[in-house]
Participant: 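Just dropping this structure here.
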2 protein chains.
Amino acid sequence: MSTKTKILDAAEVLFADKGFNGTSLREITSQAEVNLAAVNYHFGSKKELIKAVMSRYMNELSPRLESALHALCLEEVHPTLVEVFSAFLDPLLHLNSFKDNGTSTFLQLLGRGFTDNQGFLRWFLTTQYPGVFTNFTQAVQKAYPELSKEEMFWRLHFTMGTIVFTMSSSDALIDIAQNDFDRQVDIAGVIKQVIPYVAAGVAAPIIR
Amino acid sequence: MSTKTKILDAAEVLFADKGFNGTSLREITSQAEVNLAAVNYHFGSKKELIKAVMSRYMNELSPRLESALHALCLEEVHPTLVEVFSAFLDPLLHLNSFKDNGTSTFLQLLGRGFTDNQGFLRWFLTTQYPGVFTNFTQAVQKAYPELSKEEMFWRLHFTMGTIVFTMSSSDALIDIAQNDFDRQVDIAGVIKQVIPYVAAGVAAPIIR
DNA sequence: CGTTATTTTAAACAAGCGTTTGAATTAGGG
DNA sequence: CCCTAATTCAAACGCTTGTTTAAAATAACG
């Protein structure tokens, strides 16, 4: 395995677990069993490494996500919100065949990215992968046309918060759930729990 | 004003803005115009300072919140979920008379606390202020008795994610909203937008 | 006032950080 | 094989971090 890949593999796990600020290059390189200087040699800087970690996932996810949302809009004039959010399920779970625990890791990284580093990753994602956002808002627009642009803006951010926050601490939450309720839970189960929640949230009656 | 208060006032703003890990003691003490060593002298360590910042807010909030939820359960046998979440509004907004931008600052701190520091603040809050959680889950239980404990567990965490994530980046979101929609928005407006969302989310039909 | 306790101060500490350097090693193409 | 380019490596760089020290200044009190 190439040095670059070894670094990316080690970095994504540590980033997901302890955040970008909370993970040092020395932790990453010793976990990856490569020299400390390798990060700056292959990626230039820690910030570029963070982008590379996210890009590897986004390049895998975004085409599948865009085509899933696109297909839904073609085959149904009025998709339900549950259908819209369910369109995320397969592309997200595909990350598990792309990498072990890929879905969970990616969603945790996403959560970190929106809170660490005063949100530079939010900028990176919205500018580098705008297609995901536009396809998504279009699908929601078709599912719930009465929603104004402003209300949709807020509800989509609420939804992102729900997903991202839950997933960034999903390991701890799954542990608690397994102990308290004596039930086997995995990341797919959490996603299936969250879909009706966010669908109902976005579909909430408008109070004016 | 006492040195302790000057430190707390400076720390909470910086913590809310840049996170706990992202704020150094030197930033805090120079903002507060006190000596660097004052933090360790008055609080013992940075971690204890973080706890003190949170406690100052929690001690102001939690009795009002608990009594508001308690009162709601007394006066109504079957409160609606909107009523339950609306019970948070007054106690939260009261923080604005406690301190300038108190509501926004506190909610941002809460958001930071659940993602920074591998969630030690989650432990601190749940162990030091358990009454808030039990009162809240009891109120939700009365509003939606069909919900199993496990489903409630997840939906409450989804809700916390929605609130906490939104508020931790509320400044950025409010800026975007003001530019894109040419509307005056403040923290109370965001809270009023989020209440129907989370109420509908928690009330979502159960899929089994 | 004088003495004791409390608080403030400047300076230094050890440790960790991201990054850079230049030499050593490995790989590739003529 | 040889020369060149690419990669790895140990070491150090300069800087920031939280914390500690011991002296100086201030406050409290009999």
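A note on names: the letters A, B, ... follow the listed sequences, proteins ahead of strands, and every chain is numbered from 1. Remember, it's a predicted structure, so these values are computed and weren't measured experimentally.
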Participant: It should be established whether A:Ser24 places a side-chain nitrogen or oxygen under 4.0 Å from OP1 or OP2 of nucleotide C:dG16.
Facilitator: no

Participant: Measure from CD1 on B:Ile7 to C1' on D:dG18 and round the result to the nearest Å.
Facilitator: 14 Å

Participant: Side chain of B:Ser45 only, heavy atoms from C-beta on: which candidate in D:dA10, C:dT9, D:dT19 is closest?
Facilitator: D:dT19

Participant: Starting the side chain at C-beta, find the nucleotide from D:dT17, C:dT19, D:dT19 nearest to A:Leu36.
Facilitator: C:dT19

Participant: Just how far, in rounded Å, is P of C:dG18 from CG of B:Asn21?
Facilitator: 13 Å

Participant: Between A:Arg183 and A:Gln178, is any pair of side-chain heavy atoms under 4.5 Å apart?
Facilitator: no

Participant: Can you tell me which nucleotide in D:dT20, C:dT20, C:dA10 comes closest to the side chain of A:Asn40?
Facilitator: C:dT20

Participant: Regarding B:Thr23, tell me which of base, sugar-phosphate or nothing describes its non-hydrogen contacts under 4.0 Å with the strands shown.
Facilitator: sugar-phosphate

Participant: Which nucleotide, C:dT9, C:dG18, D:dT17, lies nearest any side-chain atom of A:Lys46?
Facilitator: C:dG18

Participant: Measure the shortest side-chain to side-chain distance between A:Glu150 and A:Trp154 over non-hydrogen atoms and say whether it is less than 4.5 angstrom.
Facilitator: yes

Participant: Using a cut-off of less than 4.0 Å, is there contact between a side-chain N or O of A:Asn35 and OP1 or OP2 of D:dA10?
Facilitator: yes

Participant: Counting the atoms with a prime plus P, OP1 and OP2 as sugar-phosphate, which does A:Ala38 contact under 4.0 Å by heavy atoms, base, sugar-phosphate, or nothing?
Facilitator: nothing

Participant: Take atom CG of A:Leu25 and atom C1' of D:dT8, then tell me their distance rounded to the nearest Å.
Facilitator: 17 Å

Participant: How many whole angstroms separate atom CG of A:Leu49 from atom P of C:dT19?
Facilitator: 10 Å

Participant: Tell me if the CG atom of A:Asp100 is crowded by more than 12 foreign heavy atoms within 6.0 Å.
Facilitator: no

Participant: Rounded off to whole Å, could you give me the NZ-to-P distance for the B:Lys47 and D:dT17 pair?
Facilitator: 19 Å

Participant: How close or far is atom P of C:dT7 from atom CE of B:Met1, stated in whole angstroms?
Facilitator: 17 Å

Participant: In whole Å, what is the span from the CD atom of A:Glu27 to the P atom of C:dG18?
Facilitator: 9 Å

Participant: Would you indicate, yes or no, if D:dA6 has its OP1 or OP2 atom less than 4.0 angstrom from a side-chain nitrogen or oxygen of A:His42?
Facilitator: no

Participant: Between A:Phe88 and A:Phe136, what is the ring plane arrangement, given parallel below 30°, perpendicular above 60°, and tilted in between?
Facilitator: perpendicular

Participant: Ring centroid separation for A:Phe158 and B:Phe165, is it under 6.0 angstrom?
Facilitator: no

Participant: Is there a side-chain polar atom (N or O) of A:Thr3 under 4.0 Å from OP1 or OP2 of D:dT7?
Facilitator: no

Participant: Specify the residue among A:Tyr41 and A:Arg26 whose closest nucleotide of DNA chain D lies further upstream toward the 5′ end.
Facilitator: A:Tyr41

Participant: Just how far, in rounded Å, is C1' of D:dT17 from CG of B:Leu14?
Facilitator: 16 Å

